[in-house]
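Written out below as structure tokens is the structure these notes cover.
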Amino acid sequence: MADLLRNPNVPPPNLFTPDFGQEPHVVVGRDALTKSLREGLGAGPGDRRFTTLLLGPRGSGKTVMLNAMCDAARESGWIVLPLDASTDGIHNRVSEYIEWAQQTHEALPDVTDTRREERSSTRFRIFLFEWQRELAREMRPSWGLRRQLTTLADHAAQQGSAVLLAIDELHSGDRTELRRMAADLQHVTKGEKLPLAFLGAGLSEMKHTLLEDKKMTFFQRCHRSDMPPLGAVDAARFLSKTVHDADGRFEGNALSTLAEASGALPFRMQLVGHCAWLISDAPFRPIGDQAADAAIREANRAMHEQVSVPTWHSLNTTEQHVMRVLADLEGVATPHQIAERVRSDPATLSRAEQHLLNAGCVNINNDGSVEIADVITVNSMKLLVAQQSRYASEDPGNAAGTTRPTSGRSRCNAHMPRAQARCVLPKGHAGGHRSR
């Protein structure tokens, strides 16, 4: 019946959302984090998770999780203040919300024609609007931020509710504004124990910038949640559900190929699925092996432009040098191998490793070796190095950041087109190739 009613002139839906912060069709790999945040917010100011920082590299799903928690809080009748620190004027925007609330809550919903169960739910919402409207009338935009937040939280407490202040892009906020806000939040939430919850989201680089600022003790005392990496099982569940719900289907090994290529970042997973959908002309045709391979190549290109390049430019000279060494060694090296090739002292190299780890550029294996991660892949590194080599000095000894000639065991180095990498196993190895 659905096929008979479908307008042939309207293209079928593409449920993939490969854009930063866009709500996915289905959330995977976040059940434990979601449960923990809900428990922490529900427990009140006495729980450390009542004030939480969500940290992760670009494309790790921080904004999606932040928006989900804001939606859950609204459904529970909380006052939610969703802000973005990437532009100045956080304090002014709190005042703007109060002015908006005064206008929005003047008119109450009409309940005359609703069913019994709907009337009950609507009465509850009216009750929430009533006390929030009275609060908005009482407050004054001319008040300081601390007084505004204190009044919001105090009224919410009287009604058995709470306030959620959610700030995205925290890493890019004005340092002076954030210091002032940290002091106010420390006073309201930690000092007076009022129900003012805080959720902040930012890049993991905050661990060695904002969170090392001695004047921001509030943020340092917040509970920290690193965005968990996704696995191939998560990706397979997401891809299968999203394609199936849009009347698409897979054939051959396409699903497993795409799942394995999705890596640890939700953004890359969305890209892989989106490209496969478009290339295969789904749902009119199934997503097959050839479409999957082409989709992975296109996703690699988009990831390079939208994630790898911005991250690369955020690294300092030593960090970039370490990444070059890893690329020269096909993606994995021991700390000793890195130290042999990077002209720097141990303390600087240790700090560079930690920064790269926070940025999602590297992982530390169980044997202590350093391996390139999903944010800047080996293939992306080679493109970046090739771009920079056009401007290299004619004298390699005078070029900043040049590496010493590599040495060590001979690698297989066979090209792996699906992984867009080369085999890291010793030359003449038995079995299939592997890239990491």
Side-chain angles (χ1 to χ4, degrees), residues 40-42 44-47 49-53 66-67 69-108 125 127-170 172-202 210 213 215-222:
L41 293 177
D47 193 300
R49 295 168 296 178
F50 197 66
T51 56
T52 293
L53 293 176
L66 195 70
N67 292 340
M69 290 300 103
C70 287
D71 290 342
R74 289 190 190 95
E75 291 172 2
S76 298
W78 287 28
I79 295 177
V80 179
L81 304 177
L83 302 174
D84 188 318
S86 60
T87 55
D88 296 339
I90 291 179
H91 305 78
N92 293 335
R93 276 177 276 152
V94 172
S95 298
E96 289 172 359
Y97 171 83
I98 296 168
E99 183 177 351
W100 169 84
Q102 288 174 316
Q103 299 172 358
T104 302
H105 296 155
E106 284 293 329
L108 299 179
R125 291 197 301 270
F127 168 73
L128 296 173
F129 288 154
E130 280 285 9
W131 76 261
Q132 290 183 20
R133 180 177 63 179
E134 292 175 4
L135 167 62
R137 286 171 173 170
E138 177 181 330
M139 296 180 67
R140 298 292 179 267
S142 60
W143 290 354
L145 180 62
R146 179 180 295 186
R147 187 175 180 183
Q148 292 173 349
L149 293 176
T150 300
T151 303
L152 278 170
D154 186 55
H155 276 260
Q158 295 176 25
Q159 301 298 329
S161 185
V163 179
L164 173 60
L165 175 62
I167 303 181
D168 201 3
E169 302 292 330
L170 201 57
S172 61
D174 177 78
R175 191 64 65 91
T176 301
E177 280 194 334
L178 291 178
R179 283 173 179 165
R180 178 182 167 191
M181 174 164 284
D184 293 336
L185 292 172
Q186 177 75 26
H187 174 81
V188 178
T189 303
K190 302 295 186 183
E192 298 191 14
K193 300 293 184 182
L194 289 173
L196 172 61
F198 170 77
L199 285 180
L210 191 69
D213 190 320
K215 296 184 180 180
M216 297 199 193
T217 56
F218 170 80
F219 294 128
Q220 294 166 3
R221 293 172 182 172
C222 286

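Counting from 1, the numbers follow the sequence of the chain as shown.
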Original post:
Considering only heavy atoms from C-beta outward, does the side chain of R74 approach that of P82 to under 4.5 Å?
Top reply: yes
Subject >> CE-CG distance between M181 and L170, expressed to the nearest 0.5 angstrom >> reply: 9.5 Å
Subject >> Nearest atoms (heavy-atom pairs only) where F198 meets C222 >> reply: CD2-SG, 4.1 Å
Subject >> K215, NZ atom: more than 12 neighbouring heavy atoms under 6.0 Å >> reply: no
Subject >> Nearest-0.5 Å distance, OG1 of residue T87 to CD of residue E177 >> reply: 8.5 Å
Original post:
If you measure from CG on L41 to CG on L199, what distance do you get to the nearest 0.5 Å?
Top reply: 5.5 Å
Original post:
CG/L178 to CG/L185 distance, rounded to the nearest 0.5 angstrom?
Top reply: 10.0 Å
**OP:** Might you point out which heavy atoms bring R175 and M216 nearest each other, and give the distance in Å?
**Re:** CD-CE, 2.9 Å
**OP:** Could you pull out the closest heavy-atom pair between W78 and A197, with the gap in Å?
**Re:** CZ3-CB, 3.9 Å
Original post:
Can you name the nearest heavy-atom pair linking S172 to S86, along with the distance?
Top reply: OG-CA, 3.3 Å
Subject >> Single hit among T189, T150, L152, T151 for side chain to side chain contact (heavy atoms under 4.5 Å, CB included) with L194 >> reply: T150
Subject >> Minimum heavy-atom distance between C70 and A166, given as atom pair plus value >> reply: SG-CB, 3.5 Å
Subject >> Euclidean distance, L53 CG relative to Q220 CD, rounded to 0.5 Å >> reply: 10.5 Å
**OP:** Please list, chain by chain and in numerical order, all residues satisfying salt bridge (Lys or Arg N to Asp or Glu O under 4.0 Å) with R49, sequence neighbours excluded.
**Re:** E39, D47
Original post:
Going by heavy atoms in the side chains, are F218 and D184 under 4.5 Å from each other?
Top reply: no
Original post:
Nearest 0.5 Å, what's the OG1-CZ distance between T51 and F219?
Top reply: 10.0 Å
